[in-house]
Each structure stands twice: as C-alpha cells, then as structure tokens.
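Take a look at the structure below.
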Amino acid sequence: LIKGKTSGTTGSALPLWYTPESVAEEYAAVWRLRRSLGIELYAPHFSFGGQLLVPMAQSRPPFWRKNAWTGQTLFSLYHMTRANLPHYIDAMHSLPAVYVLGYPSSLHLLARAMLEAGRPLRPGKLRAVFTSSESLLAFHRADIEAAFAAPIFDRYGTSELAVSMTGCAEHRLHVDMEFGIVEVEVEEETEDWVRGPLLVTGFANDATPFIRYRIGDVGTRAKRPCACGRPGDVFLDVDGRIE
C-alpha cells in the first residue's frame, strides 16, 4: 500500500492509503483526455507544480529542472518574481513543449507577464493547457489561453482518488463514470442545472473506500447533454470549497 493524506486546506489532513492500481487508474483517466487530443506519453511538456526544485536563495536562472525520463521541464513556483518572470518567458519560447500543466493561479501569473511584455507564444506550439488543483476562473482562462495560444482543459480530482472529472472543448467537466459516482445535494435548481455540495462514491480506491462522501466542494451539474457529444454526467463547474 501507498500512504498519503488530503491537503488539509480546511482542517486536519485525513490519512489515506492507495494501491498502485488505484494510482494507475487515476493516471489512466488523465491520459485518456490527453490522448484524445493527440498527445502521447513522454511528449515534452512544461509543469508548474508545488515541488521545491531550486534552492530558495538562488537568484539567477535557470529556475527550472529537467525530468529527462518523461520529457518534463518543471518550473519553480517560488521564484516567479517580477524580476525573474522574463527568464520564464524566455524558457517558454526556447524550450520544447507540446503541452503545459499546472495550477491556474501560477499559469495566470506567467500569462499576464507574457501579455504585458507582448510575448505570447505562437499559435500551434502547444496543443493544450491542463489545469487542476484550484478553481479555474473566467479571467484565468481568458489570459492563459491568450498567452499560450492553446485551449485549456480543466480537471477536477482529489487526494482521496474518489472522483475524477475531465474537461472538454465546451468548457465543461465530464464525470469519468468508471472512476466514481458524483451526486449533488441540491441547494439551488433551475430548468438547466442543479447546484449544491457534492457527495462522491469512488470505484478506484479500494484501499480507502469512500461511499457518498461529503468531499467539501460545491458543483453545478447540467441537466442537458453536453454539446461536445460526450455522454454521461456533465458539470458546468466545480465552484470550490463550501467555506
């Protein structure tokens, strides 16, 4: 078994266990989306995550490291100061990548710097931008897509491995139905959607099962099929933490 825990953003972290198969199933959901866009394993890409990659005292580039095994270039979030951002922009233009993944807030910080410097990427360099771990807001999407010249495909997943939703070209989140069931405790409702706290039942994590688990997020589920044609439950958005 693999030991883990939740982020603990709204309280004490919850200890968890995973099996290797559970982790593989989550990655399969991620890669089904990427493969649908023509992106293959080991394609070169940029990553903006929370890892401590560069000594905090470092003041000169590079503020990134290369993972040669997967073609990944990992960028430090902790060095994205106004003085350093031009170096990040140079790297976006000079280093190879097919896609970018990261937190919306971090990608937006870089996107704003690229637009203000008049240095967006050329159309066609990237196939997609993949965001996760935070709520993707409308102004995030507008600036990031303009700067990186590629569409965003958001994803909603959790440390519990109890739910997975992947984005589509219509800016909607589709429940990966094999991964789990997502119910909405209805607090608001119209003819087109229902909104409320989410209850999730996971199929992937058999080491720490979650059954109708109140995960702490609020979402808006559409009542009509998505225009992209993908079947199954579709959410207009996950609004974020209940608090």
Report yes if the side chains of Pro104 and Phe139 come closer than 4.5 Å at any heavy-atom pair, otherwise no.
no

Short side-chain to backbone donor-acceptor contact, Tyr18 and Ser159, under 3.5 Å
yes

Regarding Thr166 and Arg230, is there a side-chain donor-to-acceptor distance under 3.5 Å anywhere?
yes

Does one hydrophobic cluster hold both Phe63 and Leu85, with members joined at side-chain heavy-atom distances below 4.5 Å?
yes

Where do Phe153 and Ala128 come nearest, in terms of heavy atoms and distance?
CD1-CB, 3.9 Å

Looking at side-chain heavy atoms only, is the closest gap between Glu187 and Pro197 below 4.5 Å?
yes

Smallest heavy-atom separation, Leu101 atom then Leu107 atom, equals C-CD1, 4.4 Å

Among Val234, Asp237, Leu236, which residue satisfies the side chain to side chain contact (heavy atoms under 4.5 Å, CB included) criterion with Trp193?
Leu236

Should Val100 and Leu137 be regarded as members of a common hydrophobic cluster, given that ILVMFWY residues are connected when their side-chain heavy atoms come within less than 4.5 Å of each other, either directly or indirectly?
no

Does Thr208 reach the side chain of Glu160, with side-chain heavy atoms less than 4.5 Å apart?
no

Validation row: Phe235, Val184 side chains within 4.5 angstrom (heavy atoms)
yes

Could you tell me whether a side-chain N or O of His79 sits under 3.5 Å from a main-chain N or O of Pro55, the two making a donor and an acceptor?
yes

Can you name the nearest heavy-atom pair linking Val163 to Val182, along with the distance?
CG2-CG2, 3.5 Å

Side chains of Lys223 and Val194: closer than 4.5 Å at any heavy-atom pair?
yes

Give a yes or no on whether the backbone of Glu178 and the side-chain of Asp176 come within a donor-acceptor separation of less than 3.5 Å.
no

In Å and rounded to the nearest 0.5 Å, what is the CD to CG distance from Glu185 to Leu198?
9.0 Å

For the side chain of Arg141 and the backbone of Ile152, is there at least one donor-acceptor N/O pair under 3.5 Å apart?
yes

Evaluate side-chain contact (heavy atoms from CB on, under 4.5 Å) for Met80 paired with Leu109, printing each intermediate quantity in order.
CA-CA 8 Å; Met80 296 177 70; Leu109 181 66; 3.9 Å; yes

Can you confirm whether Lys125 is buried at NZ, in the sense that more than 12 heavy atoms of other residues, nucleotides or ligands lie under 6.0 Å from that atom?
yes

The test is side-chain contact (heavy atoms from CB on, under 4.5 Å); show your working for Ile215 and Phe210 and say whether it passes.
CA-CA 10 Å; Ile215 202 160; Phe210 290 93; over 6 Å; no

With a 4.5 Å heavy-atom cut-off, do Lys3 and Leu1 have their side chains touching?
no

Enter the distance from Leu16:CG to Leu161:CG here, rounded to the nearest 0.5 Å.
8.0 Å

For the atom pair CD1 (Ile181) and CG (Asp233), what is the distance rounded to the nearest 0.5 Å?
9.0 Å

Which pairs of donor and acceptor atoms, one on a side chain in residues 113-124, lie under 3.5 Å apart (sequence neighbours left out)?
from   : atom 1 : to    : atom 2 : distance (Å)
Arg119 : NH1    : Asp90 : OD1    : 2.7
Arg119 : NH2    : Asp90 : OD1    : 3.2

Relative to the ring of Trp64, is the ring of Tyr88 parallel (under 30°), tilted (30 to 60°) or perpendicular (over 60°)?
perpendicular

Show me, pair by pair, the donor-acceptor contacts under 3.5 angstrom made by side chains of residues 20-31, not counting sequence neighbours?
from  : atom 1 : to     : atom 2 : distance (Å)
Ser22 : OG     : Thr19  : OG1    : 2.8
Ser22 : OG     : Ala204 : O      : 2.8
Glu26 : OE2    : Arg155 : NH2    : 3.3

Could you check if a side-chain atom of Thr131 sits within less than 4.5 angstrom of a side-chain atom of His140, using non-hydrogen atoms only?
no

Spacing of Thr81 atom OG1 and His87 atom NE2 [to the nearest 0.5 Å]:
8.5 Å

For the hydrophobic clusters of this structure (ILVMFWY residues joined by side-chain heavy atoms under 4.5 Å, transitively), does one cluster hold both Val129 and Val238?
no

Does Leu110 reach the side chain of Ile89, with side-chain heavy atoms less than 4.5 Å apart?
yes

Would you say Tyr103 and Phe130 are hydrophobically clustered, going by side-chain heavy atoms of ILVMFWY under 4.5 Å?
no

Is there a path of hydrophobic side-chain contacts, each under 4.5 Å between heavy atoms of I/L/V/M/F/W/Y residues, joining Trp17 to Leu14?
no

Nearest 0.5 Å please: distance from the SG atom of Cys226 over to the NE2 atom of His171.
10.5 Å

Before giving the answer on salt bridge (charged side-chain N to carboxylate O under 4.0 Å, His left out), spell out for Glu40 and Arg35 the whole-Å C-alpha distance, their side-chain angles and the decisive distance to 0.1 Å.
CA-CA 6 Å; Glu40 297 294 334; Arg35 291 287 296 274; 3.2 Å; yes

How many angstroms lie between atom NZ of Lys66 and atom CG of Leu74, to the nearest 0.5 angstrom?
9.5 Å

Heavy atoms only: give me the nearest Gly167-Leu173 pair and the separation to one decimal.
N-CD2, 4.0 Å

For a quick test of reading the model, state the closest non-hydrogen atom pair linking Val175 to Gly180 and the distance between them.
CG1-O, 3.8 Å

Only distances under 3.5 Å count here; give the side-chain donor-acceptor pairs of residues 41-51 to other protein atoms, sequence neighbours excluded, each with its distance to 0.1 Å.
from  : atom 1 : to    : atom 2 : distance (Å)
His45 : ND1    : Ala43 : O      : 2.9
His45 : ND1    : Tyr99 : OH     : 3.3
Ser47 : OG     : Gln72 : NE2    : 3.3

Shortest non-hydrogen contact from Pro62 to Gln58?
O-NE2, 2.7 Å

